[in-house]
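Report on one structure; see the data block that follows.
Per chain, numbering begins at 1; letters A, B, ... match sequence-line order. Here the structure is a predicted model, which means the values were calculated and not measured.
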Protein chains: 2
Amino acid sequence: MTAERNGRPDVPQRILDQATRLFARHGFVGASLRDIARAVGIRKPSLLYHFASKDELRRSVLEQMLTHWNEAVPRILRAATSGPEQFDAIGAETLRFFNDDPDRAPLLLRELLDRPEEIAPLVALRVQPWAKIVCDYIRKGQEQGRVHPDVDPEAYVAQVINLVLCGFATHASLRNVLTAPTSDGEATDRLLREMLRVAKASLFLPVPAEPPTRRPAASARA
Amino acid sequence: MTAERNGRPDVPQRILDQATRLFARHGFVGASLRDIARAVGIRKPSLLYHFASKDELRRSVLEQMLTHWNEAVPRILRAATSGPEQFDAIGAETLRFFNDDPDRAPLLLRELLDRPEEIAPLVALRVQPWAKIVCDYIRKGQEQGRVHPDVDPEAYVAQVINLVLCGFATHASLRNVLTAPTSDGEATDRLLREMLRVAKASLFLPVPAEPPTRRPAASARA
DNA sequence: CCCCGTGTCTACCGAGTGGTAGGGAACTCC
DNA sequence: GGAGTTCCCTACCACTCGGTAGACACGGGG
């Protein structure tokens with residue numbers, strides 16, 4: 001019994017996947033090893049055979065996510081040197097990381113809430129290279145007069161992290177609070193678009209000569 | 001024994017205060033009734049004498065916070081009709097609500113993560129009036145050409161909620177991730193300032209450039 | 001004086017938790 | 001065929017959880 005699943009991907013990976021999902025949904029204390037094991041299709045002692053303790057499982061889940069992040073960073077780096085649309089490229093690549101797996105943002109956010117002193121340095125290590133790219137980009141932009149001179153780069157980056165983390169984490173729940181119910185895809189599009197827009201508009205000075213867009217009347221968005 | 005504390009404010013209120021603190025810090029499942037009772041200085045059955053169950057305690061905590069919010073809304077409403085600096089006034093009053101008690105943002109955020117389907121309508125009820133004020137203000141600003149025409153009011157409001165909630169909730173932990181350690185007060189100032197700046201800069205069109213057709217003398221930006 | 005309501009306590013309950021012991025099936029290697 | 005390894009299982013452990021039972025102390029009113 002339970003052998004009908006053994007043809008599937010290896011058990012430790014399936015455990016990691018389900019643990020990620022359940023930790024993100026119910027929190028670390030709220031997701032029991034029995035729940036996770038059941039979701040995988042095994043019993044709890046089998047789970048503990050692969051991961052010595054619940055805490056080791058938590059660390060592994062986090063490590064896997066940060067590894068995925070590390071894999072995404074080169075793409076973002078590449079985007080950061082990609083010509084004039086740098087900001088959009090960096091933004092799109094960063095958002096893609098969280099959009100690819102909707103459990104990442106809530107998982108990270110929960111860790112920041114539950115274990116700040118433990119997770120903060122871990123995140124710092126992985127995020128600082130990314131933050132450095134963005135901060136340098138901002139400072140250069142300020143020198144060149146493209147970026148608002150009163151932007152505080154580090155504080156701005158912190159804001160954007162908040163925006164993204166919380167945006168994805170509470171997306172499903174806040175979505176229908178303010179607006180009429182919409183389809184998943186449409187709501188996500190709207191979220192991503194506005195997230196990028198806010199981040200961008202709060203950063204850049206307006207391009208001096210801009211003949212098109214200046215629409216005073218009520219004709220709203222397209 | 002334990003009577004040395006009975007001169008202090010009434011026990012139910014002290015329970016609510018400690019429960020708020022511990023729910024915000026450790027989450028609903030992570031904070032046990034024993035912990036809360038100990039923080040108050042009583043034993044668990046005494047706590048359950050005042051609140052019939054843990055879930056009732058949770059509801060009461062939430063209710064108290066939303067009551068405080070309801071008390072803050074009139075101030076915000078007043079701010080919304082307060083002349084040219086409307087945006088700053090609304091922003092300052094809104095931020096004050098969360099700054100007054102640092103447990104409010106994490107508490108709300110945790111509820112949104114843990115019990116979205118239950119908390120969302122509750123929040124919606126209390127937040128929609130506030131959101132309506134802001135959305136109307138935005139749309140009016142768009143008609144008058146003060147606000148970016150491509151702002152999606154509801155989505156923008158959702159972003160700002162995220163910004164504020166997550167900003168306060170992860171403030172303590174993210175603070176030292178990106179920047180050199182600073183004093184509490186300074187870091188908070190920086191957070192509040194940048195939060196307001198981002199919200200504002202992503203909303204308003206720059207004032208100096210050129211008057212499209214008609215532009216009210218309201219100096220929205222500084 | 002006794003009674004009753006209020007509020008706190010100790011002692012306990014069943015259920016669920018993370019974790020362990022140890023057995024057994026399937027497989028490989030000698 | 002036997003030994004060893006890998007992996008999953010049932011059964012169990014101590015502990016904590018939310019919640020209950022019931023006793024006790026206090027204070028006011030007949």
Q. C:dT8, C:dG19, D:dC8: which one has an atom nearest the side-chain heavy atoms of A:Y49?
A. D:dC8
(Q) Ignoring hydrogens and geometry beyond distance, is the side chain of B:K54 in donor-acceptor contact with the base of D:dG19 at under 3.5 Å? (A) no
Q: Between D:dG19, C:dT20, C:dG18, spot the one nearest the side chain of A:R34, thanks.
A: C:dG18
**Q.** Test salt bridge (Lys or Arg N to Asp or Glu O under 4.0 Å) applied to B:D35 - qualifying residues, sequence neighbours left out
**A.** B:R38
Q. What's the CG-C1' distance between A:L48 and D:dA11, to the nearest Å?
A. 15 Å
Q: Compute whether any side-chain donor of one residue and acceptor of the other, for A:R139 and A:Q142, lie under 3.5 angstrom apart.
A: no
Q) Would you say C:dT6 has OP1 or OP2 under 4.0 Å from some side-chain N or O of B:H50? A) no
(Q) Of the listed nucleotides (D:dG18, C:dC9, C:dG19), which one gets closest to any side-chain atom of B:L33? (A) D:dG18
Q. Counting just side-chain N and O atoms, does A:S46 come under 4.0 Å of either OP1 or OP2 of D:dC9?
A. yes
Q | Ionic contact status for A:R197 with A:E194, cut-off 4.0 Å | A | yes
(Q) I want to check one thing: is the phosphate of D:dG18, taken as OP1 and OP2, less than 4.0 Å away from some side-chain N or O of B:S53? (A) no
Q: May I ask you to decide if the ring planes of A:F204 and A:F87 are parallel, tilted or perpendicular, using 30° and 60° as cut-offs?
A: perpendicular
(Q) Looking only at the side chain of B:R43 (C-beta and beyond, no hydrogens), which of the listed nucleotides C:dC9, C:dT20, D:dG18 gets closest? (A) C:dC9
